[in-house]
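For reference, the structure is listed below as structure tokens.
Note that the numbering runs from 1 along the sequence shown for the chain. All ligand and atom numbering here is 1-based and tracks the order in the structure. The model shown is predicted, which means the values in this text are computed figures rather than measured ones.
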Amino acid sequence: MIRWHEASDAIGYAVTDRLGGVSQGPYAGCNLGDHVGDDPVAVRANRAAVLRALGHADLDLVLMDQVHGADVAVLDAPPPQPPRTDAIVTGLAGVVLGVVVADCVPILLSDAGAGVIGVIHAGRPGFTAGIVDITLDAMAGLGARDIRAVVGPSVCGRCYEVPVTMVSEAAEVAPEATAVSWSGTPAIDVASGVIARMAARGASVTWLSGCTREDDTLYSYRRDGTTGRFAGLIWREHSGAEAAGQQR
Ligand SMILES: [Zn+2]
């Protein structure tokens, strides 16, 4: 359920996996995606179980209606419905931002000092469209200067064969995204491209291990087609002043 979890400077970070949970069939395990054909009751139960496991059953979970684009939602209040974007940035405390994936790159962003957090869903199309830099610009617009990026598990370059034109397009954003598949054909390593852009922008990077296609404790669209989604999650605790008067 919780593959990786860290809390520092009042920011919480987590990445889930498919273990635990109540979903059945091709979604078996802790599927957090409600757009893949799974039973909505199971998805709601899995999402609630993840928040409980993180000790934050009290917080709102804000996910996205992900469209493989390059738009960023800048939130100053919890949205009534998931924004139709592939990134969110906010200065809000007390909401859990989430990105759901099954091969795409989940990215968690923070500037603890500025009190700004963000998430990115970076698949090949979004990466090629520049969503990493666009989101870092949006973070800067909220005052973020000292960015930490956590890059979660995704499909690795050897497992992501694509037509050579797609490799060329991604390489224009970052040459590091160029890869070769297990069978020697052109491939894309989106995560390496993401990390190259983060480094170029001065962010400090934590890269979590795991290839979704090779690790069956993670969901992989490339491996399984119909399947679930795991998530990257980030939240900012209420500060002392914000928490004053609240029951802890
Ligand atoms: Zn792989």
Side-chain angles (χ1 to χ4, degrees), residues 1-6 13-21 23 25-33 35-36 38 66 68 86-87 98-109 119-132 149-200 203 205-233:
M1 182 165 287
I2 306 298
R3 181 182 179 92
W4 176 85
H5 177 212
E6 190 177 302
Y13 312 79
V15 172
T16 70
D17 60 23
R18 71 183 295 175
L19 303 178
S23 290
Y27 314 102
C30 191
N31 168 42
L32 302 178
H35 61 296
V36 292
D38 192 7
Q66 299 167 184
H68 285 286
D86 291 274
V99 47
V100 299
V101 289
D103 291 338
C104 292
V105 184
I107 307 168
L108 312 175
L109 299 167
V119 289
I120 306 177
H121 166 244
R124 181 195 58 77
F127 174 76
T128 299
I131 195 167
V132 172
V150 175
V151 178
S154 62
V155 65
C156 83
R158 288 175 303 284
C159 291
Y160 196 5
E161 180 183 11
V162 294
V164 69
T165 52
M166 290 184 183
V167 181
S168 309
E169 289 165 4
E172 286 178 23
V173 177
E176 291 84 351
T178 302
V180 177
S181 76
W182 287 115
S183 54
T185 54
I188 289 185
D189 184 340
V190 177
S192 287
V194 164
I195 282 157
R197 289 311 311 153
M198 292 293 176
V205 175
T206 301
W207 191 0
L208 304 178
S209 67
C211 166
T212 45
R213 196 174 185 184
E214 296 174 76
D215 182 342
D216 62 12
T217 67
L218 298 167
Y219 291 107
S220 171
Y221 177 78
R222 278 234 152 190
R223 182 184 62 224
D224 296 328
T226 300
T227 192
R229 299 290 184 271
F230 66 97
L233 304 167

Discussion item. Can a side-chain donor-acceptor contact be found between Thr128 and Glu169 if the only test is distance below 3.5 angstrom?
Written reply: no
Response to the item:
Which of Val100, Val36, Thr16 passes side-chain contact (heavy atoms from CB on, under 4.5 Å) with Asn31? Answer is Val36
Worksheet entry | side-chain contact (heavy atoms from CB on, under 4.5 Å) partner of Arg223, chosen from Asp216, Asp103, Leu218 | Asp216
Item to complete: Only counting residues at least two apart or in another chain, list the ones meeting side-chain contact (heavy atoms from CB on, under 4.5 Å) with Asp189.
Response: Ala179, Ala191, Ser192
Item to complete: List for me each residue that meets salt bridge (Lys or Arg N to Asp or Glu O under 4.0 Å) alongside Arg197, sequence neighbours excluded, and say none if there are none.
Response: Asp133
Discussion item. List the residues meeting side-chain contact (heavy atoms from CB on, under 4.5 Å) with His5, not counting sequence neighbours, and say none if there are none.
Written reply: Ile2, Ala14, Leu54, Trp235
Practice prompt. Around the Zn ion (ligand 1), list the protein N/O/S atoms within a radius below 2.8 Å, excluding water molecules.
Written response: Cys156 SG, Cys159 SG, Cys211 SG, Glu214 OE2
